[in-house]
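Keep in mind that the numbers below use all heavy atoms, side chains included, and drop hydrogens, waters and symmetry copies.
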Amino acid sequence: MIMSRIEAPCDEATSNLTDRLLAGLPPEAVLTDTDVTASYANDMASFCPAGVPAVVVLPRTVEQVRHVMRTATELHVPVVPQGARTGLSGGANATDGCIVLSLTRMDRILEISTVDRIAVVEPGVVNAALSRAVEEHGLYYPPDPSSWETCTIGGNIGTASGGLCCVKYGVTAEYVLGLDVVLADGRLMSTGRRTAKGVAGYDLTRLFVGSEGSLGIVVRAVLALRPKPPRQLVLAAEFASATAACDAVCRIMESGHVPSLLELMDRTTVKAVNAFARMGLPETTEALLLAAFDTPDPTADLAALGALCEAAGATQVVPAEDPAESELLLQARRIALPALEAATGTTMIDDVCVPRSKLGAMIEGTERIAEKYRLTIGVCAHAGDGNTHPVVCFDAKDPDESRRARESFDEIMALGLELGGTITGEHGVGVLKKEWLAREIGPVGMEMQRAVKRAFDPLGILNPGKLF
């Protein structure tokens, strides 16, 4: 395994580390109070151990990041990069004695070009802030994770995150044209381009997207933008079973329609959302499918899609009358995860992606797993991508229930692999799914990925213990 080759610093070593960091950073950028540093120890994942950081650093400039990495290399201290810590795999969890490198203060939008259709941003820019800024210029940044109001672009790049619009517009990786990256030894490297085309050399930009901070620190990103589409209209379709809803998804995709959104919520999720926010969703449904179009004539497109839903057995099809009603339906989907957590206390959020044709089998299998382990498992999904989010609900204070939750989580991942899928569509591997990464890509794949890691980080100081 590639792990950091150092041990947690003692008090004297921590003092020396702090002094060295302060030589190139302002005092307010270096946090050592243990009560404060403890609040940076972990992201939002369950069952992921977190260590005790020696210090938290909040740089504002590229040169400050370079100073941190030069210091870490000289002292052989691990560095854990962080954004808003909205991750769900433990990828931002601290290790003992590490420098937590929080990039949230590097939050400037450096450029928006309407001609080149690009934005140049720092990693701490919040996803929603970027989306609103480019919208003022008639442009659109499509990736929109459910946590878009708080998650950062750097974190999105680190985990190759997705969102609700991926069925039409794709994931974060498809919008990252170029990066400035601070390497483990403090050198600054630029990858990619700001042009519409470019195939010079290996695609190192794509290599960093999804690397979870294990290869370098992203300090600047060139992002592709699209023209702002028309406001989308949403349709809600009720089904008497999740199987029927998945059949509708297959019919929609097979027909050649390209919705801007195609989301599924099962009965458990719908009830949780209603209890959490009094959304008024139909609790009699076994599955609720939300579909949207942002075309010039979304009404006609929704009518055609509604007919396909009815052919698949929809019990009711209700198109939104205006963008405001559409946004209300989308908000219901966005709050699905916090709603389930509020209803049950503790959740484990899986992120298994399968071929669209296997979506029904994935949801049916998840229902069987819930019955086997006597647990509530709500499923919401980016149905148009086959990306399911089974949410395992349990009482963390009950050891037996916690054990069953973890075992059910693993069985869901195994089911996804059996169906030809992947263990993570957008949340990343982090700590939570390390052993499953090895199962998915095999021994040769692991060998090559570790070789890449060693080439970029020979001391193993960048986010040690993650991925491998």
Given side-chain contact (heavy atoms from CB on, under 4.5 Å), test R439 with I423 step by step and report yes or no. CA-CA 10 Å; R439 297 190 195 190; I423 60 168; over 6 Å; no
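- The CG atom of L233 lies 8.5 Å from the OG1 atom of T295; values are rounded to the nearest 0.5 Å.
- When all heavy atoms of V431 and P49 are compared, the pair lying nearest together is CG1-CD, 3.8 Å.
- A distance-only check finds a donor-acceptor pair linking the side chain of N463 to the backbone of G91 [under 3.5 Å].
- We find that R333 and E263 are joined by a salt bridge, their nearest charged nitrogen and carboxylate oxygen being less than 4.0 Å apart.
- With E440 contributing its side chain and T422 its backbone, the two residues share no donor-acceptor pair below 3.5 Å.
- In this structure, the separation between CG on L130 and CD1 on I109 is 5.0 Å, given to the nearest 0.5 Å.
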Would you please test N387 and D351 for side-chain hydrogen bond (donor to acceptor under 3.5 Å, both in side chains) and show each step? CA-CA 7 Å; N387 191 179; D351 170 39; 3.1 Å; yes
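- Between F456 and F208, the distance separating the two ring centers is shorter than 6.0 angstrom.
- A distance-only check finds a donor-acceptor pair linking the side chain of S408 to the backbone of A405 [under 3.5 Å].
- Between R132 and E149, at least one side-chain N (NZ, or NE/NH1/NH2) sits under 4.0 Å from a carboxylate O, which counts as a salt bridge.
- A distance-only check finds no donor-acceptor pair linking the side chain of D457 to the backbone of K453 [under 3.5 Å].
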Under the side-chain contact (heavy atoms from CB on, under 4.5 Å) rule, what do C246 and I363 come out as? Steps first, then yes or no, please. CA-CA 9 Å; C246 292; I363 293 180; 3.6 Å; yes
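- With 3.5 Å as the limit, one finds no donor-acceptor pair spanning the side chains of E341 and T346.
- No side-chain heavy atom of S46 sits under 4.5 Å from any side-chain heavy atom of V392.
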Worked verdict on K358 versus E364 for salt bridge (Lys or Arg N to Asp or Glu O under 4.0 Å): CA-CA 10 Å; K358 302 295 185 181; E364 288 176 358; over 6 Å; no
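- Interatomic distance, R85 CZ to T150 OG1, rounded to the nearest 0.5 Å: 11.0 Å.
- Going from atom CG of L223 over to atom CD1 of I157 covers 5.5 Å, rounded to the nearest 0.5 Å.
- With respect to R231 and D322, no salt bridge is recorded, no charged nitrogen being found less than 4.0 Å from a carboxylate O.
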Evaluate salt bridge (Lys or Arg N to Asp or Glu O under 4.0 Å) for D107 paired with R60, printing each intermediate quantity in order. CA-CA 8 Å; D107 59 357; R60 291 187 181 274; 5.3 Å; no
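- The CD1 atom of I217 lies 9.5 Å from the CG atom of L183; values are rounded to the nearest 0.5 Å.
- Between the side chain of T268 and the backbone N or O of G378, no donor-acceptor pair lies under 3.5 Å.
- Using a cut-off of 4.0 Å between Lys/Arg side-chain N and Asp/Glu carboxylate O, E407 and R403 are scored as salt-bridged.
- Taking both residues in full, the closest heavy atoms of D43 and G90 are given as OD2-N, 3.0 Å, listed atom of the first, atom of the second, then distance.
- The side-chain heavy atoms of T104 and Q82, taken from C-beta on, include no pair separated by under 4.5 Å.
- Checked by atom type and distance alone, the side chain of K434 pairs as donor or acceptor with a backbone atom of G465 at under 3.5 Å.
- Nearest heavy-atom pair across N93 and A50 is ND2-CB, 3.9 Å.
- Every residue two or more places apart in sequence or in another chain that forms a side chain to side chain donor-acceptor pair (under 3.5 Å) with Y169 is listed here: D294.
- In terms of heavy-atom proximity, A339 sits nearest to A272 at CB-O, 3.6 Å.
- In this structure, V79 and M69 have side chains that are in contact, with non-hydrogen atoms separated by less than 4.5 Å.
- In this structure, T388 contributes its side chain and P390 its backbone to no donor-acceptor pair below 3.5 Å.
- No donor-acceptor contact under 3.5 angstrom links the side chains of K271 and N274, judged on distance only.
- The heavy-atom pair separating V352 from G416 by the smallest distance is CG1-CA, 3.5 Å.
- Contact annotation: the side chain of L437 approaches that of F468 to within less than 4.5 Å [non-hydrogen atoms, C-beta and beyond].
- Residues satisfying the salt bridge (charged side-chain N to carboxylate O under 4.0 Å, His left out) criterion with R356, sequence neighbours excluded, are absent altogether.
- Under a 3.5 Å cut-off, the side chain of D301 and the backbone N or O of F293 do not form any donor-acceptor pair.
- A donor-acceptor pair under 3.5 Å links the side-chain atoms of E325 to the main chain of E321, judged by distance alone.
- Counting heavy atoms from C-beta outward, L25 and H67 have side chains that approach closer than 4.5 Å.
- I99 is not listed as a side-chain neighbour of V80, based on a closest heavy-atom distance of 4.5 Å or more.
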Before you tell me yes or no, could you show the steps for C98 and V77 under side-chain contact (heavy atoms from CB on, under 4.5 Å), namely the whole-Å CA-CA distance, both residues' side-chain angles and the distance that decides it to 0.1 Å? CA-CA 6 Å; C98 74; V77 176; 5.5 Å; no
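- Not one N or O on the side chain of T172 forms a donor-acceptor pair closer than 3.5 Å with the backbone of A160.
- Annotation: salt bridge (charged side-chain N to carboxylate O under 4.0 Å, His left out) contacts of E238 (sequence neighbours excluded): none.
- T269 OG1 to D266 CG: the interatomic distance, rounded to the nearest 0.5 Å, is 4.0 Å.
- At least one test fails for R226 against the ring of Y141: distance under 6.0 Å to the centre or angle within 45° of the axis.
- Across R108, R105, R220, a single residue satisfies side chain to side chain donor-acceptor pair (under 3.5 Å) together with E122, and that is R108.
- When all heavy atoms are compared, the tightest approach of V126 to W148 is CG1-O, 3.5 Å.
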Under the salt bridge (Lys or Arg N to Asp or Glu O under 4.0 Å) criterion, do E286 and R267 qualify, and how do the steps go? CA-CA 5 Å; E286 291 294 314; R267 174 186 58 193; 3.1 Å; yes
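- With Y373 as the fixed residue, the side chain to side chain donor-acceptor pair (under 3.5 Å) test singles out one of E401, R404, E411: E411.
- Considering only heavy atoms from C-beta on, L215 comes within 4.5 Å of L207 through its side chain.
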Would L417 and W436 satisfy side-chain contact (heavy atoms from CB on, under 4.5 Å), going step by step from the backbone distance to the final call? CA-CA 10 Å; L417 291 181; W436 287 96; 3.9 Å; yes
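- Residues K433 and D410 are not paired through a salt bridge, judged by the lack of any N-O separation under 4.0 Å between the basic side chain and the carboxylate.
- No side-chain heavy atom of L177 sits under 4.5 Å from any side-chain heavy atom of T205.
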